[in-house]
Amino acid sequence: MSGNSFSQKGSPDHGRPVLFRNARLATLAVGGEGLGIVEKGALLIENGRIAFAGAESDLPLSALGRSEIVDLEGRWITPGLIDCHTHLVHAGNRAHEFELRLAGATYEDVAKAGGGIVSSVKALRAASEEDLLRQTLPRLDALIAEGVTTVEVKSGYGLDLENERKTLTVARRLGGERPVSICTSFLGAHALPPEADGDKQAYIDRVANEMLPAIAAERLADAVDGFCEGIAFSPEQIAQVFRAAQKHGLPVKLHADQLSNLHGAKLAAEFGALSVDHMEYTDEAGVIAMAKAGTVAVLLPGAFYFIREKQLPPVEQLRKHGVKIAIATDCNPGTSPLTSLLLTMNMSATLFRLTVDECIAGVTREAARVLGILSETGTLEVGKWADLAIWDIERPAELVYRMGFNPLHRRIWRGQ
């Protein structure tokens with residue numbers, strides 16, 4: 001399965017075309033300026049796709065007589081939001097560890113007490129598919145309630161074939177349970193499982209030679225991810241996994257340079273990665289390599305905030321070299337228990353000093369680019385899926401400015 005294939009809930013029953021009039025559009029059109037704003041706009045949905053998006057004065061008269069007309073009374077339409085980096089399928093939580101750290105325990109203390117990623121691995125392995133589905137749906141529902149229409153879901157808490165398969169199977173099932181598009185990433189190279197006895201190379205051999213081929217054959221993953229860091233895997237080990245991904249026709253992406261600079265961004269770019277994620281310690285050479293490869297930067301302010309990082313990602317370098325910027329929740333139980341893209345936008349602005357336009361593009365057009373689905377969604381352009389969010393706001397900046405407030409009026413997925 002390629003990076004532009006994604007699972008979803010059935011096929012919507014498309015009836016009469018729907019025309020939204022008296023709307024303000026933020027089209028995010030590819031190649032356009034800013035948010036691609038149309039003040040007196042209209043948008044026509046036909047067969048689940050956008051048939052017109054632009055100035056109401058340019059609307060073909062033929063569209064009026066055959067459409068159900070909805071007056072939006074000046075509300076704003078944006079593309080449906082896209083969360084392009086999550087670990088949404090996991091079991092249990094790590095609130096107890098959070099409590100211990102607040103009381104003064106170190107990460108080492110927590111690990112010795114059986115906490116950390118090992119606790120998440122144990123919880124996921126003990127959970128059935130139905131358990132995982134039941135626990136994950138409320139997190140997905142929280143995203144959907146804020147206008148999210150596409151979610152990327154990574155594995156990485158199973159760390160053996162059976163449980164990585166289970167994670168990705170549940171991720172695929174989410175698209176059958178809710179009206180949302182799901183993209184999946186195989187993150188077997190996330191951490192070392194307890195039974196590996198510290199032998200990272202033997203485990204990476206298993207990921208590349210056994211787990212990844214099986215996952216690819218079963219079409220459970222749209223992409224392959226990894227974690228290149230001192231506490232995870234070396235650049236050489238990640239390269240081994242990426243070569244295996246290429247062999248099976250799967251695009252790659254990488255958690256890189258979060259805690260140190262192992263030149264993971266440059267490595268990912270050499271493999272034509274869709275994205276490099278985190279990036280706090282990425283240097284200019286890494287940014288330049290990403291720019292040449294067309295690799296998108298995914299910034300994750302939830303993790304930065306939650307683990308109280310000090311090193312800011314190189315936003316000015318990304319701008320200087322023209323690297324596209326996406327942002328995401330990084331929803332996970334250990335370092336970013338966040339299920340709000342609206343709050344993620346605010347955090348990206350306040351912590352990383354992204355502009356309003358960068359934040360909104362980062363959860364729509366650029367997030368779609370990260371997932372390899374920009375030809376299908378992420379902007380309001382003719383021919384794309386009618387994945388929309390309609391907002392009760394006076395200006396787009398409100399989506400970034402507010403905290404803990406949801407101005408969503410209506411969410412539309414594939415025209416429904």
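Both backbone and side-chain heavy atoms feed into the values below; hydrogens, waters and symmetry mates do not. Counting from 1, the numbers follow the sequence of the chain as shown.
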Non-hydrogen atoms of [X] and [Y] that approach each other most closely:
X: Phe52; Y: Pro60; value: CD1-CD, 4.1 Å
X: Thr339; Y: Leu143; value: O-CD2, 3.6 Å
X: Leu250; Y: Ala223; value: CD2-N, 4.3 Å
X: Asn332; Y: His87; value: CB-CB, 3.7 Å
X: Cys228; Y: Ser234; value: SG-C, 4.1 Å
X: Val30; Y: Leu374; value: CG2-CD2, 4.0 Å

Practice item. Report the C-alpha separation of Phe227 and Gln258 in whole Å, then their side-chain angles, then the decisive distance to 0.1 Å, and conclude whether the side-chain contact (heavy atoms from CB on, under 4.5 Å) test is met. Key: CA-CA 9 Å; Phe227 189 16; Gln258 181 186 9; 3.9 Å; yes

Would you say the side chain of [Y] lies within less than 4.5 Å of the side chain of [X], judging by non-hydrogen atoms?
X: Thr282; Y: Val287; result: yes
X: Phe20; Y: Ile45; result: yes
X: Phe304; Y: Phe352; result: yes
X: Arg243; Y: Phe271; result: yes
X: Asn346; Y: Tyr401; result: no
X: Arg402; Y: Leu342; result: no
X: Glu68; Y: Pro17; result: no
X: Arg21; Y: Val70; result: no

Does [X] reach the main-chain N or O of [Y] with its side chain, forming a donor-acceptor pair under 3.5 Å?
X: Glu358; Y: Thr355; result: yes
X: His190; Y: Gly156; result: yes
X: Asp222; Y: Thr184; result: yes
X: Arg365; Y: Gly378; result: no
X: Glu97; Y: Gly116; result: yes
X: Arg49; Y: Gly383; result: yes
X: Asn261; Y: Asp257; result: no
X: Lys166; Y: Ala127; result: yes
X: Arg414; Y: Gly48; result: no
X: Arg139; Y: His90; result: yes

Would you say [atom1] of [X] has more than 12 non-hydrogen atoms from neighbouring residues, nucleotides or ligands within 6.0 angstrom?
X: Arg395; atom1: CZ; result: no
X: His96; atom1: NE2; result: no
X: Tyr305; atom1: OH; result: no
X: Arg319; atom1: CZ; result: yes
X: Glu162; atom1: CD; result: no
X: Lys384; atom1: NZ; result: yes
X: Lys200; atom1: NZ; result: yes

Practice item. Could you check Ile390 against Leu72 for side-chain contact (heavy atoms from CB on, under 4.5 Å), going step by step and ending with a plain yes or no? Key: CA-CA 9 Å; Ile390 302 174; Leu72 284 188; 4.1 Å; yes

Is the shortest distance from a Lys or Arg side-chain nitrogen in [X] or [Y] to a carboxylate oxygen in the other one below 4.0 Å?
X: Arg411; Y: Asp387; answer: no
X: Asp277; Y: Lys253; answer: no
X: Glu46; Y: Arg66; answer: yes
X: Arg134; Y: Glu130; answer: no
X: Lys154; Y: Glu152; answer: yes
X: Glu129; Y: Arg173; answer: yes
X: Arg369; Y: Glu376; answer: no
X: Lys320; Y: Glu284; answer: yes

[atom2] on [Y] to [atom1] on [X], rounded to 0.5 Å:
X: Ile327; Y: Met345; atom1: CD1; atom2: CE; result: 6.5 Å
X: Leu341; Y: Met347; atom1: CG; atom2: CE; result: 12.0 Å
X: Ser185; Y: Leu220; atom1: OG; atom2: CG; result: 12.5 Å
X: Ile238; Y: Leu262; atom1: CD1; atom2: CG; result: 10.0 Å
X: Asp199; Y: Leu192; atom1: CG; atom2: CG; result: 8.0 Å
X: Leu25; Y: Leu43; atom1: CG; atom2: CG; result: 6.0 Å

Point to revise | Chi angles and distances behind the side-chain contact (heavy atoms from CB on, under 4.5 Å) call for Val296, Val323 | key: CA-CA 6 Å; Val296 183; Val323 174; 5.8 Å; no

Review point. So, Thr27 and Glu381: side-chain donor and acceptor under 3.5 Å apart, yes or no?
Key: no

Exercise for review: Tell me yes or no: between the side chains of Gln201 and Asp205, is some donor less than 3.5 Å from an acceptor?
Suggested key: yes

Review point. Quick one: does NZ or CZ of Arg206 land under 6.0 Å from the six-membered ring centre of Tyr203, within 45 degrees of the ring axis?
Key: no

**Study point:** Audit row: Arg16, Ser67, side-chain hydrogen bond (donor to acceptor under 3.5 Å, both in side chains) steps and yes/no
**Key:** CA-CA 6 Å; Arg16 193 177 176 197; Ser67 304; over 6 Å; no

**Study point:** Residue from Ile360, Leu318, Ile325 passing side-chain contact (heavy atoms from CB on, under 4.5 Å) with Leu354
**Key:** Ile325

Point to revise | side-chain contact (heavy atoms from CB on, under 4.5 Å) between Ile37 and Trp76, worked out | key: CA-CA 10 Å; Ile37 288 174; Trp76 282 86; 3.7 Å; yes

**Study point:** Worked verdict on Asp83 versus Thr86 for side-chain hydrogen bond (donor to acceptor under 3.5 Å, both in side chains)
**Key:** CA-CA 7 Å; Asp83 198 350; Thr86 85; 5.6 Å; no

